[in-house]
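The first residue in the sequence is number 1, and the count goes up from there. Remember, predicted model here, so these are calculated numbers, not experimental data.
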Amino acid sequence: MSLTMAVPATGASASATEWDARRTALIEATGIVKIYPTVSGEAVLALDQVNLSVQDGEFVCLVGPSGCGKSTLLRLLAGLDRADAGHFSLAGRPIDGPSSEVGVVFQQATLLPWFTIWQNVTLPVRVGGRTLKAREAAIRELIRIAGLQGFENKYPYELSGGMQQRVAIMRALACDPKLLLLDEPFGSLDALTREKMNAELQRIWLASRKTVVLITHSIDEAVFLGDRVVVMSPRPGRIIRELVVNLPRPRLPAETFGHPEHIALAREIRGLLEGGDAP
Ligand code: ADP
């Protein structure tokens with residue numbers, strides 16, 4: 001499918017359901033419940049009846065107050081934890097553990113300091129027992145797309161925080177996953193670098209044609225990057241609204257942040273998070 005986007009012709013008011021009907025679901029999550037036991041014996045209901053459908057090639061941003069279950073949902077999607085109820089599927093198959101079809105990036109780049117950039121990026125392929133030869137050309141192309149060409153033989157400490165996060169994203173893409181999950185990947189970067197990274201991530205996404213689910217605390221980041229912004233309630237996490245972002249791509253920070261649709265959507269999301277307009 002094309003990533004130059006099957007976005008709705010109408011404005012932000014176009015319903016997510018209407019749009020979804022025209023595309024193929026890559027992820028289907030239905031009736032997800034997650035309960036954590038605690039040392040005091042009290043159970044924490046982290047997610048309650050979460051239903052989420054993500055279409056093939058779509059960029060979905062998850063926003064919600066701290067502690068509402070965003071990371072929990074991402075870990076479940078990554079197969080790193082199990083739900084207490086509900087069903088997850090990826091491309092029609094149940095998600096029952098980590099898979100090379102899913103790449104994950106966390107807030108910290110977590111690169112291995114004694115490995116070069118090339119060794120870090122290619123690690124999942126080598127660990128997965130696949131021959132590097134088959135993926136080498138594609139990984140070199142990813143490195144070029146990420147603007148990291150020439151840095152292959154450097155070590156992580158020689159790179160800036162933003163570059164290290166780009167390496168982490170490339171590492172997550174190394175096995176050619178269907179799905180890329182990003183948990184607040186730019187949270188530790190300064191505001192300007194973060195803005196640049198948003199534009200970089202959009203470029204990488206447009207070139208790599210992956211399905212992306214991104215958690216962010218930044219409403220502006222969510223509207224800038226997302227085809228759709230999914231808003232969660234305070235704990236227990238539930239999905240309270242899904243908003244389609246109809247801004248044209250590629251989006252440029254200078255134009256997009258002042259665009260009336262960006263401003264209107266960001267205001268609507270802020271209202272939902274402040275509890276002013278939740279259904
Ligand atoms: P978010 O990513 O939205 O900040 P989390 O998914 O990290 O939220 O956490 C959701 C809720 O579940 C929080 O109240 C958190 O304290 C609780 N929680 C998360 N992980 C655990 C755990 N391993 N054990 C107990 N409680 C947890």
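- Under the 4.5 Å side-chain heavy-atom criterion for Ile, Leu, Val, Met, Phe, Trp and Tyr, Ile239 and Val231 are members of distinct hydrophobic clusters.
- In this model, no donor atom of one side chain and acceptor atom of the other lie less than 3.5 Å apart for Thr216 and Ser218.
- Shown here for Val105 and Pro185, the closest heavy-atom pair between the two residues is CG1-CB, 4.1 Å.
- No donor-acceptor pair closer than 3.5 Å links the side chain of Arg228 to the backbone N or O of Val245.
- Scanning both residues, Gly57 and Asp227, for their nearest heavy atoms gives O-OD2, 4.3 Å.
- Counting all heavy atoms, side chain and backbone alike, Leu47 lies closest to Leu45 at O-CD1, 3.4 Å.
- The distance from the NE2 atom of His217 to the CD1 atom of Ile219 is 11.0 Å, given to the nearest 0.5 Å.
- A distance-only check finds no donor-acceptor pair linking the side chain of Glu274 to the backbone of Gly271 [under 3.5 Å].
- Within the 3.5 Å criterion, the main-chain N or O of Leu112 finds a donor-acceptor partner in the side chain of Asn120.
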Verdict with reasoning, Val60 to Leu214, per side-chain contact (heavy atoms from CB on, under 4.5 Å): CA-CA 6 Å; Val60 169; Leu214 169 95; over 6 Å; no

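- Contact annotation: the side chain of Arg166 approaches that of Leu148 to within less than 4.5 Å [non-hydrogen atoms, C-beta and beyond].
- Clustering ILVMFWY residues whenever any of their side-chain heavy atoms sit less than 4.5 angstrom apart, transitively, puts Leu173 in a cluster other than the one holding Leu77.
- Residue pairs meeting the salt bridge (Lys or Arg N to Asp or Glu O under 4.0 Å) criterion with at least one member in residues 180-192, sequence neighbours excluded: Glu184-Arg194.
- A donor-acceptor contact shorter than 3.5 Å links the side chain of Ser99 to the backbone of Glu101.
- In this structure, Gln164 and Gln108 have side chains that are not in contact, with every pair of non-hydrogen atoms separated by 4.5 Å or more.
- Between Arg171 and Leu111 the shortest side-chain heavy-atom distance falls below 4.5 Å.
- Donor-acceptor pairing under 3.5 Å is recorded for the side chains of Thr122 and Arg126.
- No donor-acceptor distance shorter than 3.5 angstrom exists from the side chain of Gln119 to the backbone of Ile117, with no hydrogens or angles considered.
- Closest approach of Met232 and Leu73 over heavy atoms only: SD-CD2, 4.4 Å.
- Shown here are the salt bridge (charged side-chain N to carboxylate O under 4.0 Å, His left out) partners of Glu136, two or more places apart in sequence or in another chain: Arg140.
- Within 6.0 Å of atom CZ in Phe257, more than 12 heavy atoms from other residues, nucleotides or ligands are found, so the atom counts as buried in its surroundings.
- A donor-acceptor contact shorter than 3.5 Å is absent between the side chain of Arg241 and the backbone of Ile269.
- Taking CG from Leu180 and OG from Ser208, the interatomic distance works out to 7.5 Å, rounded to the nearest 0.5 Å.
- You'll find the side chain of Ile240 reaches within 4.5 Å of the side chain of Leu272, heavy atoms only.
- If you check the side chains of Arg251 and Gln202, you find no donor sitting under 3.5 Å from an acceptor.
- Pairing each heavy atom of Cys68 with each of Ser233, the nearest pair is CB-O, 3.0 Å.
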Determine, step by step, whether Arg249 and Leu206 satisfy the side-chain contact (heavy atoms from CB on, under 4.5 Å) criterion, reporting the C-alpha distance in whole Å, the side-chain angles of both residues, the deciding distance to 0.1 Å, and the verdict. CA-CA 9 Å; Arg249 295 197 190 262; Leu206 285 168; 4.2 Å; yes

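- Grouping the Ile, Leu, Val, Met, Phe, Trp and Tyr side chains by contacts below 4.5 angstrom, directly or via other members, places Val230 apart from Leu182.
- Transitive grouping of hydrophobic side chains (ILVMFWY, heavy atoms separated by less than 4.5 Å) keeps Leu74 and Phe59 in distinct clusters.
- Going from atom CG of Leu52 over to atom CD1 of Ile32 covers 9.5 Å, rounded to the nearest 0.5 Å.
- Closest non-hydrogen pair, Cys61 versus Leu225, comes out as SG-CB, 4.2 Å.
- Residues Gln107 and Phe186 have side chains not in contact (no heavy-atom distance under 4.5 Å, counting atoms from C-beta outward).
- At a threshold of 4.5 Å between side-chain heavy atoms, the hydrophobic network of Ile, Leu, Val, Met, Phe, Trp and Tyr places Phe106 and Trp205 in two separate groups.
- The backbone N or O of Thr72 lies less than 3.5 Å from no partner atom in the side chain of Lys34, so there is not a single donor-acceptor pair.
- Side chains of Thr30 and Glu28: no donor on one and acceptor on the other come within 3.5 Å.
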